[in-house]
Amino acid sequence: MNVLIIYAHPNPRSFNRAILEKVDATLREQGHATRIHDLYQMQFRCVLDSEDLLRNWRGNLADDVQREQAAVRWAQGLVLIYPIWWFGPPAILKGWIDRVFTRKFAFDIDTHGMRGLLTHERALILNTLGGDEATYQRERWHELLVRPIAEGVLGACGVRNIVHQAFYQVLSISHAERQAMLDQVGVLATAF
């Protein structure tokens, strides 16, 4: 399977980078073809501006958006790796979605409502958080983490079989606990 990995973390020494490396290595070991789009390294322009809206309306998308859409079309599976900051993804990932998941590409709207156009078999979303899982579950914050990207973007755009995994307290856990998390990442990627 062709798998596009969208990665959004600015620190090359972050735990997110370790997750990325584990996912990529495991997918390749399983025989998948992967492409990594490191949005910070690419310096992806993440602001949807009035020119983008006009280009979308005219069907004349910017070159960088066309390249990203070609990569999404190439893929049969998607992996998104990013930290949760203020209950959402980094702005660069949100901007990537805003600019790349355009109407007539990722979705369309007709008299029956919105219809997803993406045909990806599966997606895996991997998040890191500084807080503890018990608090997120008790306050029902976990739902706020999963639904916007998993359901509101990928699911609404037609992606099937979406798996989400959050890794909590990554700033304060031990090396052994981080390794256990990376082992879990390997299991998730193997099942992809």
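- With His120 as the fixed residue, the side-chain contact (heavy atoms from CB on, under 4.5 Å) test singles out one of Asn161, Ile162, Asn2, Leu78: Leu78.
- With sequence neighbours excluded, the residues that form a salt bridge (Lys or Arg N to Asp or Glu O under 4.0 Å) with Arg55 are Glu51.
- Among pairs with a residue in residues 93-102, those fulfilling side chain to side chain donor-acceptor pair (under 3.5 Å) read Asp52-Arg99, Asp64-Arg99, Glu68-Trp96, Gln69-Thr102, Lys94-Asp98, at least two apart in sequence or across chains.
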Using residues 147-160 as the side-chain source, report each donor-acceptor pair under 3.5 Å to any protein atom, sequence neighbours left out, with the distance given to one decimal.
residue, atom, partner, partner atom, Å
Arg147, NE, Glu151, OE1, 3.1
Arg147, NH1, Glu143, OE2, 3.2
Arg147, NH2, Glu151, OE1, 3.4
Arg160, NH2, Thr119, O, 3.3

Assess the residue pair Phe167 and Ile19 against the criterion (side chain to side chain contact (heavy atoms under 4.5 Å, CB included)); give the C-alpha distance rounded to whole Å, side-chain angles, the decisive distance to 0.1 Å, and a yes or no.
CA-CA 10 Å; Phe167 297 100; Ile19 290 171; 4.1 Å; yes
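- Considering CG of Asp132 and CD1 of Ile173, their distance stands at 12.5 Å, rounded to 0.5 Å.
- To the nearest 0.5 Å, atom CG of residue Leu126 and atom CG of residue Asn16 are 9.0 Å apart.
- Hydrophobic cluster of Leu61: the remaining members, joined at side-chain heavy-atom separations below 4.5 Å, are Val65, listed by chain and number.
- To the nearest 0.5 Å, atom CZ of residue Arg28 and atom CD of residue Gln30 are 13.0 Å apart.
- In the hydrophobic cluster analysis, where Ile, Leu, Val, Met, Phe, Trp and Tyr join through side-chain heavy atoms closer than 4.5 angstrom, Ile84 is grouped apart from Val23.
- The other members of the hydrophobic cluster of Phe107, by chain and number, are Ile109, Met114 (side-chain heavy atoms under 4.5 Å, ILVMFWY only).
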Pair up each side-chain donor or acceptor in residues 182-192 with any protein partner under 3.5 Å, not counting sequence neighbours, and list the distances.
residue, atom, partner, partner atom, Å
Asp183, OD1, Gln179, NE2, 3.1
Gln184, NE2, Gln165, OE1, 3.1
Thr190, OG1, Gly186, O, 2.7

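- Put simply, CZ on Arg115 and CZ on Arg103 are 10.0 Å apart, with the number rounded to the nearest 0.5 Å.
- We find the CE-NZ distance between Met181 and Lys22 to be 14.5 Å, quoted to the nearest 0.5 Å.
- The closest side-chain donor-acceptor pair between Thr26 and Glu29, if any, does not fall under 3.5 angstrom.
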